[in-house]
2 protein chains.
Amino acid sequence: MIKLVVTFAGKFKAMKPTHIEHIGIAVKSLQESIPYYEDILGLKCYAIEEVADQKVKTAFFMVGQTKIELLESTDPEGPIGKFVEKKGPGVHHIAFAVEDVQQMLDHAAEKGVQLIDKTPRKGAEGLEIAFLHPKSTQGVLTEFCQHPKE
Amino acid sequence: MIKLVVTFAGKFKAMKPTHIEHIGIAVKSLQESIPYYEDILGLKCYAIEEVADQKVKTAFFMVGQTKIELLESTDPEGPIGKFVEKKGPGVHHIAFAVEDVQQMLDHAAEKGVQLIDKTPRKGAEGLEIAFLHPKSTQGVLTEFCQHPKE
């Protein structure tokens, strides 16, 4: 009898992010910030979206593989409102595109990382997303993003 | 007599960044931070470099088109030392890959942006680099990078 042993070397490959999906940047005002990204940097705002449960309005720009996601708070008590109040406008989070958010979360939790989301939830543009806590990520609020499986 | 009129539509195309060249992240210690990027995110540190005039040690990881550049200060009075003292570890700057740094700088200056560097200088990995002042860039310290022309 022959036993077939398969080692899933592919598993480890899949766990590496493929690219930076987006950089989330907290701003005071989309109206003031969009002209900087368009007129100075030469990028094009291709979408503006309100995410009511996060209390933000967002504006998107594409640069290579990566989106710039500007975030304006619609409520001083929302997460972006508090961030801008405390730290001023600036980079709020980095989102890595991954093939399997749940696998990344489980791996991070096993290694002792504090999770904000234990399972993926729906984010902007229909992506499956989850956040790691910046206390566990060397100060950078970190998001995983995955395109929903067909 | 025929006059040939050429309009440089290409100029405006060249002025748009092609991708995010790197994200600079201030950390307290490379020794503590590298294991997070390698063991949790699955990225591979491919270079460690000391940049004496910036008073930093840097560690590089590639993710898609973009590098993660970790920055540890070698001097509390250096720019990264002061940043970490004031704001804690976190994203320090974003670098856009462009075809012509000088052209981007001239354009930004014309539009009233405050420049840190009026002409490009040599950065890590032999790139031509220049910084815009975060006061003029909606709170995000912004760098332009260009591969030196052959």
Between B:His107 and A:Leu41, is there a donor-acceptor pair closer than 3.5 Å when you use the side chain of the first and the backbone of the second? no
Counting N and O atoms only, with roles assigned by atom type, does the side chain of B:Gln65 sit under 3.5 Å from a partner on the main chain of A:Gln65, one being a donor and the other an acceptor? yes
From the list A:Gly64, A:Ala26, A:Ser29, the residue making the most non-hydrogen contacts under 4.5 Å with chain B is A:Gly64
When [options] are compared by non-hydrogen pairs under 4.5 Å with chain A, the top option:
options	result
B:Gly112, B:Ala108, B:Pro134, B:Pro89	B:Pro89
B:His92, B:His19, B:Lys87, B:His93	B:His19
B:Val27, B:Leu132, B:Leu70, B:Leu43	B:Leu43
B:Val113, B:Thr137, B:Thr142, B:Thr66	B:Thr137

> Is it the case that more than 12 heavy atoms not belonging to A:Lys135 sit under 6.0 Å from its NZ atom?
Replying inline: no
Q) Would you say B:His133 has more than 12 foreign heavy atoms packed within less than 6.0 Å of its NE2? A) yes
Exercise. Under a 4.5 Å side-chain heavy-atom rule over Ile, Leu, Val, Met, Phe, Trp and Tyr, are B:Ile48 and B:Ile25 clustered together?
Worked result: yes
Under a 4.5 Å heavy-atom criterion, the part of residues 51-60 of chain B in contact with chain A comprises none
Correct closest heavy-atom pair for A:Ile40 and B:Lys111 would be CD1-CB, 3.2 Å
Taking every heavy atom of B:Glu32 against every heavy atom of A:Gln138, the minimum-distance pair comes out as O-NE2, 3.6 Å
| query | Do B:Tyr36 and A:Val140 pass the side chain to side chain contact (heavy atoms under 4.5 Å, CB included) test, and can you show the C-alpha distance, the side-chain angles, and the key distance before you say yes or no? | reply | CA-CA 11 Å; B:Tyr36 165 71; A:Val140 178; over 6 Å; no
- Task: Tell me, with the steps shown, if B:Ile20 and A:Ile20 meet side chain to side chain contact (heavy atoms under 4.5 Å, CB included).
- Result: CA-CA 9 Å; B:Ile20 308 287; A:Ile20 308 287; over 6 Å; no
